[in-house]
Amino acid sequence: MVGTHPSSVRPTTVSARTASIRGAAFVAGRARWDHPGVAKLTALLLPTLQRNPLTDLLDQLDLGSGDRVGKRSGFVIMLVLSGIIAAAGVLLDSTATVIGAMIIAPLGTPILGIAAGIVTGRARMVVASLVWVSGAVAAVILIGAAFSIVLPAGTNLNANSQITGRTSPQLMDLVAALATGVAGAFAMSRKDLSAVLPGVAIAISLVPPLAVVGVTLGQGDFDGAFGAFLLFFSNVVALIIAGAIVFTLAGYSRDALALPSRRRRAYTIVTVLTVLTVIPLGLNTVVIVAQATWTARIHAAATEWIADGEGEVDGVTWKSLVARVSVQAPGGRIPPVSELRDALASEVPSLVGVEVDVTDAVVHPVVERD
């Protein structure tokens, strides 16, 4: 009587009950998305006639489906070219050249592929897209490092706006990236919005920060490299979050081809990555705001201090938490620095260092007035 033995029946009973619970949870989750309010919002943002079917979306974002050779070769070619253009544009401090690199950069495809894989429960697609993104990151950084060899020793990277503009990301960069990611995901989900993709590529800026990482690493500026990589990483996380939200609203998570049972872990990972991104960006934003306040106070105190002589303050620059006051004074003569130290004692915290860089102000008359 093996067929009626309790030990042989119990596993089947538990399995059926588990399947029933999972089925009920899925139906409940689907019911939430089928709420009339959500349905109206979805219909407004993604009209049925303009919505790309899931098969088309996956074909655009999955480098491992359809014409694999064509997709992958195109991705590699455009990645290398965009990396070269970005590195050249950074070294030349040319905004137009860097924008050209943004337009042809293909990195948005596998990044949004991660979002699509998460929403539809395709773990293989998520992993494969991560591999492509990781390989692209390494390739562009190597290109940037190779290009940095042409820079003379001791080059002042802070004088390059393409570098300084990408080494100190803030929370507003994440906000802008989220909005750009929403635009990109909508463009992939709707048939009538493909024309906005070049604008999305320019706004999100994926390859140029990686080129900056390579250039700064090649010059030994590890703080700058970390800041540029943080900007890239925050843009990637923002694209994934925005893509996941839009693709869910588009109904791809409820599509017959979706695999909903695999999504929970992926959403957890995205949440953790979001927290890990927001924390350093938030801290950096606080530091930038504080530095702006300290800069104004230091500049005012230094101007009042140098007024006792014949010099003038050119400006205040920062290296980490050390402020450098640039001063021009005839013969390099300045008032005692102890006076400036006393003036700053109540203006900036003790963790901030201040130094004065004095340049001899030499005037050469060119045209004498009658």
Side-chain angles (χ1 to χ4, degrees), residues 52-91 96-120 122-149 180-181 183-191 193-215 217 229 232-233 235-237 239-240 243 247 252 257:
N52 275 324
L54 179 57
T55 52
D56 290 355
L57 179 73
L58 296 179
D59 183 62
Q60 295 179 72
L61 300 178
D62 189 358
L63 296 176
S65 67
D67 181 12
R68 298 182 183 181
V69 175
K71 288 181 179 180
R72 293 173 177 178
S73 63
F75 178 84
V76 172
I77 291 170
M78 299 309 290
L79 176 73
V80 172
L81 290 176
S82 64
I84 293 173
I85 296 171
V90 167
L91 294 183
T97 305
V98 171
I99 289 176
M102 295 176 186
I103 292 175
I104 69 171
L107 259 176
T109 296
I111 294 174
L112 284 176
I114 295 172
I118 290 172
V119 170
T120 60
R122 284 169 165 74
R124 182 204 61 78
M125 183 177 176
V126 173
V127 173
S129 297
L130 281 171
V131 170
W132 280 103
V133 172
S134 300
V137 168
V140 177
I141 290 177
L142 287 175
I143 291 172
F147 271 60
S148 71
I149 296 175
T180 306
F186 268 119
M188 299 300 296
S189 302
R190 290 181 55 152
K191 301 173 183 177
L193 293 180
S194 59
V196 308
L197 287 175
V200 171
I202 294 173
I204 196 63
S205 186
L206 295 169
V207 168
L210 292 177
V212 171
V213 172
V215 170
L217 282 178
F229 186 80
F232 167 79
F233 186 75
N235 286 345
V236 170
V237 173
L239 264 181
I240 294 174
F247 294 154
Y252 294 126
L257 298 176

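Starting from 1, each residue takes its place in the sequence as its number.
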Do [X] and [Y] have side chains that get closer than 4.5 Å, going by heavy atoms?
| X | Y | answer |
| --- | --- | --- |
| V140 | L107 | no |
| M78 | V207 | no |
| L61 | M125 | yes |
| I118 | F247 | no |

Requested in this report: Scan residues 97-114 for pairs that pass side chain to side chain donor-acceptor pair (under 3.5 Å), counting only residues two or more places apart or in two chains.
Outcome: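 Qualifying pairs, neighbours excluded: S94-T97.
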Separation between [atom1] of [X] and [atom2] of [Y], rounded to the nearest 0.5 Å:
| X | Y | atom1 | atom2 | result |
| --- | --- | --- | --- | --- |
| F233 | L206 | CZ | CG | 13.0 Å |
| I111 | S129 | CD1 | OG | 9.5 Å |
| L58 | M188 | CG | CE | 10.0 Å |

How close do [X] and [Y] get, heavy atom to heavy atom, and via which atoms?
| X | Y | answer |
| --- | --- | --- |
| K191 | P53 | CE-CD, 4.4 Å |
| V98 | P208 | CG1-CG, 3.6 Å |
| A101 | S82 | CB-O, 3.4 Å |
| P110 | W132 | CB-CB, 4.2 Å |
| G243 | A185 | CA-CB, 3.8 Å |
| A139 | L79 | CB-CD2, 4.3 Å |

Query - Partner residues of D59 under the salt bridge (Lys or Arg N to Asp or Glu O under 4.0 Å) criterion, sequence neighbours left out - result: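 Residues passing salt bridge (Lys or Arg N to Asp or Glu O under 4.0 Å) with D59: K71.
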Partner set under side chain to side chain contact (heavy atoms under 4.5 Å, CB included) for [X], not counting sequence neighbours:
| X | result |
| --- | --- |
| I84 | V80, I143, F147 |
| I77 | L81 |
| L142 | none |

Query raised in the report: Are the side chain of R122 and the backbone of A116 linked by a donor-acceptor contact shorter than 3.5 Å?
Result: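 No, the answer is negative, given that no donor and acceptor are paired below the 3.5 Å cut-off.
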Query - Check: S205 main-chain N/O paired with N235 side-chain donor or acceptor under 3.5 Å - result: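 It does hold such a pair.
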**Report entry** Pair listing, salt bridge (charged side-chain N to carboxylate O under 4.0 Å, His left out) test, anchored in residues 134-149, at least two apart
**Finding:**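 Of all non-adjacent pairs touching residues 134-149, none passes salt bridge (charged side-chain N to carboxylate O under 4.0 Å, His left out).
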Requested in this report: For the pair V236 and I114, evaluate side chain to side chain contact (heavy atoms under 4.5 Å, CB included) and give the outcome as yes or no after the intermediate values.
Outcome: CA-CA 10 Å; V236 170; I114 295 172; 5.6 Å; no
Report task. Check whether more than 12 heavy atoms from other residues, nucleotides or ligands sit under 6.0 Å from atom CZ of R68, and answer yes or no. Result ->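 Check fails, neighbour count at 12 or below.
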**Report entry** Chi angles and distances behind the side chain to side chain contact (heavy atoms under 4.5 Å, CB included) call for F232, V213
**Finding:** CA-CA 9 Å; F232 167 79; V213 172; 6.0 Å; no
Requested in this report: Please test L57 against T120 for side chain to side chain contact (heavy atoms under 4.5 Å, CB included), starting from the C-alpha separation and ending with a verdict.
Outcome: CA-CA 11 Å; L57 179 73; T120 60; over 6 Å; no
Requested in this report: For the pair Q60 and N52, evaluate side chain to side chain contact (heavy atoms under 4.5 Å, CB included) and give the outcome as yes or no after the intermediate values.
Outcome: CA-CA 10 Å; Q60 295 179 72; N52 275 324; 3.8 Å; yes
